[in-house]
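Scroll down for the structure; my scribbles are underneath it.
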Amino acid sequence: VYLKELKDSLRDRRTLISIIVIPTLVMPLMTFGFGTIASKVINQAREETPTVALLDGADSPGVVARLQESKAVKVVAATEDWKQRIADKKIRAAVRIPAGFEAGLKAGAAPPVMIYHYEGELKSKFGVDGLEQFFRELRERTVTERLAEKALPATLVKPFEFRRENVAPPEKVGGNLIGG
């Protein structure tokens, strides 16, 4: 009975296609195809400079000027419908610089900066990343200036650094990526 069923199955073209062709050819092509397309979409999104709306910040001209000079984001004036523009993907994010931010920064107690974005949207994430990078650098620059004013070394807040170094041969790294 088994041999008869096996012969019947091997004679049926549809069965052979579903057993051999689809798993061995079509599925890997689909997997690599989707991976390639996703990679291209992500790279295109990374190359685009995210547009962000600036909310408030009139009393912080130094911070606003530095933000507008930043290459990480393109700053535009906010409109009344800035939330809808983020949801419609016309702008990637919005940043609210609170009243008294620059004065608070100089005094040592600045209020928090708010970043508004579209959760789960790739280009919005890149906009948020650009804004966070700008404000991280501003925070580090502020700390360095405060330390210099007090004649303290910059290593006071960053006593050491760490680095990574790959010790695996390139063949193994490539094999691990492909095997993963």
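Keep in mind the model is a prediction, meaning the values are calculated, not measured.
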Do I17 and L29 share a hydrophobic cluster (ILVMFWY, side-chain heavy atoms under 4.5 Å, transitive)?
no
Spell out, yes or no, whether M114 and F135 are grouped together once hydrophobic residues are joined by side-chain heavy atoms under 4.5 Å, including indirect joins.
no
E121 side chain reached by K123 side chain, heavy atoms, under 4.5 Å:
yes
ring-ring contact (aromatic ring centres under 6.0 Å, His included) involving Y116 - partner list, sequence neighbours excluded:
W82
Is there side-chain contact between T49 and K71, with at least one heavy-atom pair below 4.5 Å?
no
Do side-chain atoms of S39 reach the backbone of G35 as a donor and acceptor pair under 3.5 angstrom?
no
Distance check, rounded to the nearest 0.5 Å: E47 atom CD versus F126 atom CZ?
10.5 Å
Do F134 and L131 have side chains that approach each other closer than 4.5 Å (heavy atoms only, starting at C-beta)?
no
Apply salt bridge (Lys or Arg N to Asp or Glu O under 4.0 Å) to K4 and list each qualifying residue two or more places apart in sequence or on a separate chain.
D8
Scan L54, V64, T51 and name whichever one has a side chain to side chain contact (heavy atoms under 4.5 Å, CB included) with V75.
L54
Could you check whether R92 pairs with E48 (Lys NZ or Arg NE/NH1/NH2 to Asp/Glu carboxylate O, under 4.0 Å)?
yes
Minimal non-hydrogen separation, G108 against R146, with atom names:
CA-NH2, 3.2 Å
Quick one: side-chain hydrogen bond (donor to acceptor under 3.5 Å, both in side chains) pairs with a partner in residues 125-138, sequence neighbours left out?
K125-D129, Q133-E137
Transitive ILVMFWY cluster of V157, excluding itself - 4.5 Å side-chain cut-off:
V143, L147, L152, L156
What side-chain donor-acceptor pairs closer than 3.5 Å can you find for residues 97-107, not counting sequence neighbours?
| from | atom 1 | to | atom 2 | distance (Å) |
| --- | --- | --- | --- | --- |
| E102 | OE1 | G62 | N | 2.8 |
| E102 | OE1 | V63 | N | 3.1 |

As an exercise, state the distance from CG of L25 to CE of M30, rounded to the nearest 0.5 Å.
13.0 Å
Test of understanding: clusters of I, L, V, M, F, W, Y form through side-chain heavy atoms closer than 4.5 Å, transitively. Do L55 and I86 belong to the same one?
yes
Enumerate the side-chain hydrogen bond (donor to acceptor under 3.5 Å, both in side chains) contacts for residues 54-66, please, sequence neighbours excluded, ordered by first and then second residue.
D56-R96
Tell me if a side-chain donor or acceptor on N166 pairs with a main-chain N or O of A168 at a distance below 3.5 Å.
yes
Is there a continuous path of hydrophobic side-chain contacts, each under 4.5 Å between heavy atoms, that joins V95 to V73?
yes
What about I91 and L67, same hydrophobic cluster or not, with Ile/Leu/Val/Met/Phe/Trp/Tyr joined at side-chain heavy-atom distances under 4.5 Å?
no
Non-hydrogen atoms of S18 and P23 that approach each other most closely:
O-CD, 3.5 Å
Once rounded to the nearest 0.5 Å, what's the spacing between atom CD of Q44 and atom CG of L122?
11.0 Å
